[in-house]
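So the structure is just underneath, and the comments pick up after that.
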Amino acid sequence: MTINETLARYSDWSFESAFAIYVLATVLLIARYASMRAREVQERELVTAGGGPVATTGQQPGRVATTPGKTWSEKFGGMGYSLLIVGVVLHIASMVLRGLATDRFPLGNMYEFVTMACAAAVVAGIVAMRRNTDLFVFLLVPVLVLMFLAATVLYSDAAPVVPALQSFWLPIHVTIISVGSGIFLVSGVASLLFLYRIRFPQGEEGTGPFAKLAQRLPDALTLDRLAYKTTIVAFPLFGAGVILGAIWAEAAWGRFWGWDPKETVSFITWVVYAAYLHARATSGWRDTKAAWINVAGFVAMLFNLFIINMVVSGLHSYAGLN
C-alpha cells in the first residue's frame, strides 16, 4: 500500500495547528478568569471608597459609570470559544487527512486512537457545556496533555495497519470505543470539579485563591448533572464497543472472550461505570461517593489505554510503538 506523504504531512500540520490553537484558547479562557477577578477587586475598592455600586452612564452623581460594551472577561471568553471551534475543525481535519493518506480508517495505533478520543472529548464538551462555557478551560487541560503525549511518546508515522486490523470491524469497534472514551473524559472532569466545588458551598466565603476559583464554578448540582448526563451517553457506547470487540474476536481468533489483559480491564472499566450509574441513583451515594466511583472509572480507562497497551503484552498490542 502506497502512503501519500503529502497528505500525511498535512495531517501532522493540522494536528499541530489544532494543538497550538487549543493552547491559545486555554490562555484566553484563563485570562477571562483573571479579568473577572480583577474586575471584582476593582468594584470592591470602589464600593469601599464610597462610590457605591457600579452603574451605567447617566445615573445620579456619586455612582461610578461603566464603559459601554462588552467587558474584557466577555471578550476573552468569546475569543477563546471561537478559537476552540477553529481548533476542533483542524483536529478533525487531521484525522481525515491521515485516513486519506493511508487509504484506511485512521484508528490503527495509539496515536490515532488518542487523537480521535480527544476530538470526541472537545466536541462532547462543546455540546454538553454550551451553557457553562467557563468549564472549557478545565476540559482543555487534560486534552492538551493527551495530545502532547500523542504527538511525542505515542506518535506513529502514517503506515498501513497490521494484518490483524485489516477488517471492516476496525472502524466500527474502535470508533465506538474512542468516542465513548472521549465522552468519559468530559464526565471525569465534571466529577473532579464537583468534588472540588462541594468543598466550597455556594455563598461560603473563601479565604484563598483555590476557594475563589471554586466560587466561579457552577454550583455542585450542575457539575454533578453534567457528569451523569455525559456518562449515560458514553456508557452504552463503551458497552457496545466491548460487545462488538468480542464479536470481532470470535471472527479473528475463534472465541468471543479469552480474558486477554485488554479485554479484562475493559470489562472492569465498564463494571465501574455501571457501579457509578447505580450509585448515582441510590440514596446516600449520590454525592461524593458516586463521584469518586466515576473518577475511578476514568482512572481505569487511562490505565487500560496506557499501561495495558504499552507495558502488558497481549493480543491487543497494536500500539504502533517501537
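If you read the sequence from its start, that first residue is 1, and numbering goes on from there.
- In this structure, Leu223 CG and Ile198 CD1 are separated by 10.0 Å, a value rounded to the nearest 0.5 Å.
- In this structure, the separation between CG on Asp157 and CG on Asp12 is 8.0 Å, given to the nearest 0.5 Å.
- With sequence neighbours excluded, no residue satisfies side-chain hydrogen bond (donor to acceptor under 3.5 Å, both in side chains) with Tyr273.
- Considering all non-hydrogen atoms of both residues, Ser181 and Phe238 come closest at OG-CE1, 4.2 Å.
- None of Trp270, Tyr228, Tyr276 except one satisfies the ring pair (Phe, Tyr, Trp, His ring centres under 6.0 Å) rule with Phe235; the exception is Trp270.
- At distances below 3.5 Å, at least one donor-acceptor pair connects side-chain atoms of Thr230 with backbone N or O atoms of Ala227.
- When side chains are defined from C-beta on, Leu244 counts as touching Ile247, because their heavy atoms get closer than 4.5 Å.
- Val189 and Leu221 fall into different hydrophobic clusters, defined by Ile, Leu, Val, Met, Phe, Trp and Tyr side-chain heavy atoms under 4.5 Å apart, directly or through other members.
- Ala124 and Val186 make their closest contact through CB-CG2, 4.0 Å (heavy atoms, listed as atom of the first residue, atom of the second, distance).
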Q: Verify side-chain contact (heavy atoms from CB on, under 4.5 Å) between Asn109 and Phe113, making sure each step is shown before the conclusion.
A: CA-CA 6 Å; Asn109 49 61; Phe113 180 92; over 6 Å; no
Atom pairs and distances, donor-acceptor, side-chain atoms in residues 94-101, under 3.5 Å, two or more places apart:
unit_1: Ser94; atom_1: OG; unit_2: His91; atom_2: O; d: 2.5
unit_1: Arg98; atom_1: NH1; unit_2: Glu112; atom_2: OE2; d: 2.9
unit_1: Arg98; atom_1: NH1; unit_2: Ser156; atom_2: O; d: 3.2
unit_1: Arg98; atom_1: NH2; unit_2: Ser156; atom_2: O; d: 3.1

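- Between Ile126 and Leu84 the shortest side-chain heavy-atom distance falls below 4.5 Å.
- For the pair Arg130 (side chain) and Val127 (backbone), a donor-acceptor distance under 3.5 Å is present.
- Both Phe148 and Leu139 sit in one connected hydrophobic cluster of ILVMFWY residues. Membership requires side-chain heavy atoms under 4.5 Å apart, directly or through other members.
- You'll find the side chain of Phe15 reaches within 4.5 Å of the side chain of Met147, heavy atoms only.
- Not a single donor-acceptor pair under 3.5 Å links the side chain of Arg197 to the backbone N or O of Leu192.
- Checked against side-chain hydrogen bond (donor to acceptor under 3.5 Å, both in side chains), Ser178 has no partners two or more places apart in sequence or in another chain.
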Side-chain donor/acceptor pairs under 3.5 Å, residues 288-301, sequence neighbours excluded:
unit_1: Asn294; atom_1: ND2; unit_2: Ser187; atom_2: O; d: 3.3
unit_1: Asn294; atom_1: ND2; unit_2: Ser187; atom_2: OG; d: 2.9
unit_1: Asn294; atom_1: ND2; unit_2: Ser191; atom_2: OG; d: 2.7

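- The side-chain heavy atoms of Tyr155 and Thr115, taken from C-beta on, include no pair separated by under 4.5 Å.
- Thr222 meets the side-chain hydrogen bond (donor to acceptor under 3.5 Å, both in side chains) test with Asp219; sequence neighbours excluded.
- The two residues Gly80 and Leu28 have their closest heavy-atom pair at N-CD1, 3.9 Å.
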(Q) Working note: Thr269 + Phe303, criterion side-chain contact (heavy atoms from CB on, under 4.5 Å); need CA distance, chi angles, decisive distance, verdict. (A) CA-CA 10 Å; Thr269 302; Phe303 178 84; over 6 Å; no
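- Leu226 is not listed as a side-chain neighbour of Asn132, based on a closest heavy-atom distance of 4.5 Å or more.
- Annotation: side chain of Asp134 is in contact with side chain of Arg32 (closest heavy-atom distance under 4.5 Å).
- A 6.0 Å sphere centred on CZ of Phe138 holds more than 12 heavy atoms belonging to other residues, nucleotides or ligands.
- Contact annotation: the side chain of Thr231 never approaches that of Ile183 to less than 4.5 Å [non-hydrogen atoms, C-beta and beyond].
- Between the CG atom in Leu149 and the CG atom in Leu305 there is a gap of 9.5 Å [rounded to 0.5 Å].
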Q.
Please determine whether side-chain contact (heavy atoms from CB on, under 4.5 Å) holds for the pair Leu217 and Leu135, giving the CA-CA distance in whole Å, both sets of side-chain angles, and the decisive distance to 0.1 Å.
A. CA-CA 8 Å; Leu217 293 174; Leu135 299 178; 4.0 Å; yes
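- Remark: Phe76 CZ to Thr71 OG1 distance equals 9.5 Å, nearest 0.5 Å.
- Every side-chain contact (heavy atoms from CB on, under 4.5 Å) that Ala25 has, sequence neighbours left out, goes to Leu83, Leu140.
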Q) Going through the distances and angles, do Asp224 and Arg280 end up as a side-chain contact (heavy atoms from CB on, under 4.5 Å)? A) CA-CA 9 Å; Asp224 185 44; Arg280 181 61 174 68; 3.1 Å; yes
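- The CD1 atom of Ile176 sits 11.5 Å away from atom CG of Leu107, with the distance rounded to the nearest 0.5 Å.
- When all heavy atoms of Ser167 and Pro171 are compared, the closest pair comes out as O-CD, 3.7 Å.
- To the nearest 0.5 angstrom, Thr175 atom OG1 is 7.0 Å from Leu170 atom CG.
- Environment of CZ in Phe306: crowded, with over 12 heavy atoms of neighbouring residues, nucleotides or ligands closer than 6.0 Å.
- The two residues Tyr111 and Leu154 come nearest to each other via the heavy atoms CB-O, 3.2 Å.
- The minimum heavy-atom distance linking Thr102 with Ala159 is given by the pair CG2-N, 3.6 Å.
- Ile21 pairs in a side-chain contact (heavy atoms from CB on, under 4.5 Å) with only one of the listed residues (Thr26, Val89, Leu90, Val88), which is Leu90.
- Using a 4.5 Å cut-off between side-chain heavy atoms of Ile, Leu, Val, Met, Phe, Trp and Tyr, with links allowed through other members, Leu146 and Val141 fall into different hydrophobic clusters.
- Within the 4.5 Å cutoff, the side chain of Met110 has heavy atoms near those of the Met310 side chain.
- Trp169 CH2: more than 12 foreign heavy atoms inside a 6.0 Å radius.
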